[in-house]
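Note sheet for the following structure.
Naming: A, B, ... by sequence-line order, numbering from 1 per chain.
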Protein chains: 2
Amino acid sequence: MPYPTLEDVAARAGVSRALVSLVMRGSPKVGEARRAAVLAAARELGYRPNAMARGLAAGRTGIVGVLLDDLGDPLAAGVHEGLAEGARDRELRLLLGTGRGEAAAARTALDELLDLRPDGLVLAGARLTSADLDRATASCPVVAILPPSRADRADTVRAEPGGPVHLAVEHLVALGHRRIAVVDAGRRPSPLRRVYRGALKAHGIDAPVLDLAALRAAAPPTPPGGAAGDTGRLPTTGPAPSEPPSAEPVSAELMGSELMGSELMGSEPVSAVVALGDPGGAAVLTTLLRAGRRVPQDVSVIAHGEAREADAVGVTTVAVPARELGRRAMAALLDRLDGGDPDRRPVRATVPPVLTNRGSTGPVRPAGTGATER
Amino acid sequence: MPYPTLEDVAARAGVSRALVSLVMRGSPKVGEARRAAVLAAARELGYRPNAMARGLAAGRTGIVGVLLDDLGDPLAAGVHEGLAEGARDRELRLLLGTGRGEAAAARTALDELLDLRPDGLVLAGARLTSADLDRATASCPVVAILPPSRADRADTVRAEPGGPVHLAVEHLVALGHRRIAVVDAGRRPSPLRRVYRGALKAHGIDAPVLDLAALRAAAPPTPPGGAAGDTGRLPTTGPAPSEPPSAEPVSAELMGSELMGSELMGSEPVSAVVALGDPGGAAVLTTLLRAGRRVPQDVSVIAHGEAREADAVGVTTVAVPARELGRRAMAALLDRLDGGDPDRRPVRATVPPVLTNRGSTGPVRPAGTGATER
DNA sequence: ATGAAAGCGCTAACAT
DNA sequence: ATGTTAGCGCTTTCAT
């Protein structure tokens with residue numbers, strides 16, 4: 001069952017190929033009667049124009065290639081929705097490729113997309129070298145969802161630099177928190193560790209940095225036999241509080257790197273935690289809950305990075321609004337596609353971060369008090 | 001910056017277009033010297049074959065279209081990886097489209113994929129009508145990751161029917177659980193509700209079904225002032241245990257539908273929960289932890305459906321192995337693409353489910369005992 | 001308003 | 001082993 005061609009439609013409608021072509025592209029200069037006949041013939045045959053032939057002949061393909069780093073990336077779905085929204089009622093088809101988290105695959109995927117001669121390209125967090133980015137930029141209009149440093153010739157859309165961090169820190173500080181820990185639950189140390197340390201230091205807060213294992217050690221699960229909610233203390237930057245020895249106040253990694261040279265702060269337990277590398281904060285939250293901590297009564301949790309589960313588990317997050325990122329990216333691309341001046345200087349768009357309060361943060365509990373209203 | 005063409009390469013290498021074409025396709029019947037010259041010219045020009053032109057001329061495009069329901073679908077990333085793995089060292093490019101969870105968008109995406117005249121199509125959970133599925137099947141080889149009923153002419157790959165359910169139920173029963181609740185945390189009632197009810201009934205277990213709100217009502221968060229881990233009881237199918245009135249034993253929805261006509265079972269609290277509609281079970285887990293329940297000491301949790309966060313939060317899951325699904329789907333497609341007989345009967349592959357024990361399930365606690373080892 | 005004709009960049013017979 | 005030639009299905013002048 002081969003696909004019907006323009007010619008088949010023309011034959012069936014009793015007109016020439018060119019006429020059918022005009023009708024298919026919605027040209028106004030076709031008589032009503034003919035147009036109806038052509039459309040009827042096309043429908044009867046189940047005709048759909050061959051995008052390959054069309055692209056070849058027209059010199060534009062109507063394709064916008066979208067290169068994602070990884071389908072599992074919590075940003076990916078949102079960005080894609082924003083792109084689709086931005087491209088609505090435009091004769092553009094979004095085609096996705098992904099590097100599946102690997103640089104080599106990203107490169108291949110980029111080439112495959114370029115081979116299709118897309119009208120434009122959106123590179124969303126893909127692990128590309130500058131050379132590859134340049135190659136893409138030289139081939140067609142490109143908007144990158146990345147810091148501009150990586151893609152100087154492409155339009156870029158990204159989070160306000162430091163925006164989410166600032167938002168998270170201000171939020172906690174406004175709630176009265178002064179003893180704040182950063183928990184990096186990622187597999188590899190996040191660059192955000194020192195950004196948060198710096199931002200907190202600006203408030204006179206010297207925040208310890210833990211990984212998930214260290215957090216678990218510091219706040220071990222409530223032992224099976226014991227009463228819940230009463231053992232374990234979050235580490236402090238000072239000497240260990242008078243606690244059972246099981247509660248390691250500071251992890252080796254903490255001592256080894258992040259805390260070197262920091263000022264000790266006393267023995268109060270941490271009242272708030274910033275979760276990195278754990279989009280949505282679910283892992284950090286459950287670790288704390290398992291340790292018998294009530295969130296947010298005993299400890300507030302805010303996660304850097306949005307994810308589906310943030311809503312499900314109720315963790316407050318600061319994040320870049322992914323949809324908005326996608327919308328802005330598509331807007332920049334359309335502007336470039338429609339726009340006159342192909343050599344105008346690159347767009348440098350910035351999107352403000354969003355704090356979504358899901359109740360995992362609350363005012364610091366006054367020292368010595370049993371409870372605090374949220 | 002136009003793309004260089006075959007002709008440009010030929011000119012630069014001082015040979016004919018056809019020779020370049022042969023070289024680009026790795027034909028063996030080209031002399032070493034010429035081949036090297038052509039390759040050098042191509043590299044210097046940054047030549048990449050135009051996939052559109054190639055597809056048009058060759059009658060095959062090398063494209064495998066992959067239609068996903070939704071990028072956020074926890075299965076999507078895994079399936080895609082499996083597909084990519086299955087297609088490795090084949091001259092095939094995977095191109096993704098998605099319906100973003102909407103039927104209309106899925107249809108559009110399918111059409112856009114078909115317009116590219118793909119060599120094959122993988123439909124992974126997209127919300128397509130049977131008519132659309134038939135249209136796809138009539139156009140090119142299709143493998144659907146769906147129950148065969150929906151796509152009788154396509155090859156299908158799917159989970160063993162009832163497999164994950166059986167696996168979950170057997171797991172809990174083997175651990176001694178008899179008081180089991182099903183919590184459906186999805187926005188819409190899952191069809192799995194009655195499947196689990198049925199499977200549990202086969203073991204003489206009459207399981208109540210709750211939604212997340214009902215679970216919260218039944219196991220309210222530990223009040224700020226109180227000691228953790230001691231209030232709230234999971235509902236039973238029998239009369240409410242002697243508990244504070246805040247603990248609603250059965251939700252209205254529970255009474256209204258799922259429990260109608262079920263046999264009451266007594267007053268023991270539930271010792272295990274199956275989480276539906278909450279891939280990875282994070283929402284159910286945190287709700288229980290917030291209520292002061294220890295998992296798995298007080299209550300075991302198993303989630304139906306794998307998700308990234310399952311690993312992060314430590315919830316045991318039963319799920320279809322997404323990668324394997326993808327691998328099998330690609331294998332079926334390749335078989336169809338290479339294979340001789342285009343009319344052989346459709347593949348009906350089935351993939352066994354996988355239980356990933358992450359420690360959220362444990363043996364039932366002997367009645368009246370304080371604790372149980374995991 | 002409609003038709004004729006020339007490609008778009010490539011592949012695949014077919015020559016040589 | 002290498003060059004020639006006819007399309008693939010469509011768009012797009014250009015005539016009419």
Side-chain angles (χ1 to χ4, degrees), chain A residues 1-39 41-42 45-63 91 93 114-119 139-140, chain B residues 1-39 41-42 45-63 91 93 114-119 139-140:
Chain A
M1 43 216 67
Y3 295 86
T5 74
L6 204 60
E7 184 130 31
D8 298 327
V9 177
R12 188 174 234 275
V15 301
S16 75
R17 290 172 21 184
L19 219 225
V20 178
S21 176
L22 286 179
V23 172
M24 294 319 292
R25 284 175 291 137
S27 163
K29 38 188 189 177
V30 178
E32 263 320 306
R34 304 262 192 175
R35 144 167 283 119
V38 168
L39 255 19
L45 292 174
Y47 172 76
R48 293 232 90 210
N50 181 326
M52 297 266 159
R54 184 178 272 204
L56 227 209
R60 348 167 236 89
T61 55
I63 291 176
E91 297 257 314
R93 63 193 82 219
L114 285 176
D115 289 351
L116 292 170
R117 303 298 186 259
D119 292 346
S139 304
C140 68
Chain B
M1 45 217 75
Y3 295 86
T5 73
L6 204 59
E7 185 129 29
D8 298 327
V9 177
R12 189 174 235 275
V15 300
S16 74
R17 289 173 19 183
L19 220 222
V20 178
S21 176
L22 286 179
V23 171
M24 294 319 290
R25 285 175 289 139
S27 163
K29 38 188 190 177
V30 178
E32 264 319 308
R34 303 264 193 172
R35 142 167 284 121
V38 167
L39 256 18
L45 293 174
Y47 172 76
R48 294 231 91 210
N50 181 326
M52 298 265 159
R54 184 179 274 209
L56 229 210
R60 345 166 240 93
T61 55
I63 291 176
E91 297 258 313
R93 63 194 83 217
L114 285 176
D115 289 352
L116 293 170
R117 304 297 186 259
D119 290 348
S139 304
C140 68

Below 4.0 angstrom, N of the basic side chain to O of the carboxylate: do A:R93 and B:D115 qualify?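 Salt bridge: yes.
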Rounded distance (Å) that lies between atom [atom2] of [N] and atom [atom1] of [X]:
| X | N | atom1 | atom2 | answer |
| --- | --- | --- | --- | --- |
| B:L56 | D:dA6 | CG | C1' | 14 Å |
| B:N50 | D:dC10 | CG | C1' | 14 Å |
| A:E7 | D:dT11 | CD | P | 13 Å |
| B:R60 | D:dC8 | CZ | C1' | 13 Å |

Mind checking whether A:Y47 and A:L6 have side chains closer than 4.5 Å, heavy atoms only?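 Yes, close enough: below the 4.5 Å cut-off.
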Nearest-0.5 Å distance that lies between atom [atom1] in [X] and atom [atom2] in [Y]:
| X | Y | atom1 | atom2 | value |
| --- | --- | --- | --- | --- |
| A:R54 | A:S21 | CZ | OG | 7.0 Å |
| B:M52 | A:T61 | CE | OG1 | 5.0 Å |
| A:R17 | A:M24 | CZ | CE | 14.5 Å |

Which atom of A:C140 lies closest to which atom of A:P118, heavy atoms considered: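 Between these two residues, the closest heavy atoms are CB-O, 3.7 Å.
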Verify, without hydrogens or angle tests, whether A:R35 (side chain) and A:S27 (backbone) share a donor-acceptor contact under 3.5 angstrom.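 Side chain of A:R35 to backbone of A:S27, a donor-acceptor pair under 3.5 Å: yes, one is there.
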Considering every strand and a 4.0 Å limit on heavy-atom distances, what is the contact class for A:R117: base, sugar-phosphate, or nothing?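 If one applies the 4.0 Å heavy-atom cut-off, A:R117 turns out to touch nothing in the nucleic acid.
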Show the numbers, then the answer: is there a side chain to side chain contact (heavy atoms under 4.5 Å, CB included) between A:R34 and A:V23? CA-CA 9 Å; A:R34 304 262 192 175; A:V23 172; over 6 Å; no
Dump the pairs, protein N or O against N or O of nucleotides 14-16 of chain D, anything under 3.5 Å, distances to one decimal.
none

Report yes if a side-chain nitrogen or oxygen of A:Y3 is closer than 4.0 Å to either non-bridging phosphate oxygen (OP1 or OP2) of D:dC10; otherwise report no.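 For A:Y3, the contact criterion (side-chain N or O under 4.0 Å from OP1 or OP2 of D:dC10) is not met.
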What nitrogen or oxygen pairs link the protein and nucleotides 1-5 of chain D at under 3.5 Å?
{"unit_1": "D:dT2", "atom_1": "OP1", "unit_2": "B:R34", "atom_2": "NE", "d": "2.9"}
{"unit_1": "D:dT2", "atom_1": "OP2", "unit_2": "B:G31", "atom_2": "N", "d": "3.0"}
{"unit_1": "D:dG3", "atom_1": "OP2", "unit_2": "B:S16", "atom_2": "N", "d": "3.3"}
{"unit_1": "D:dG3", "atom_1": "OP2", "unit_2": "B:S16", "atom_2": "OG", "d": "3.2"}

Would you say CZ of A:R48 has more than 12 non-hydrogen atoms from neighbouring residues, nucleotides or ligands within 6.0 angstrom?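 Yes - once you tally the heavy atoms of other residues, nucleotides and ligands closer than 6.0 Å, there are more than 12.
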Contact boundaries of DNA chain C with chain B (under 4.0 Å, heavy atoms), 5' to 3'? C:dG9 to C:dA12
Out of B:L22, B:V38, B:V20, which residue meets the side-chain contact (heavy atoms from CB on, under 4.5 Å) rule with B:V30?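 When B:L22, B:V38, B:V20 are each tested with B:V30, the side-chain contact (heavy atoms from CB on, under 4.5 Å) holds only for B:L22.
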For side chain to side chain contact (heavy atoms under 4.5 Å, CB included), just list the numbers for A:I63 and B:L116, CA-CA rounded to whole Å, side-chain angles, deciding distance to a tenth of an Å, and then say yes or no. CA-CA 10 Å; A:I63 291 176; B:L116 293 170; 4.2 Å; yes
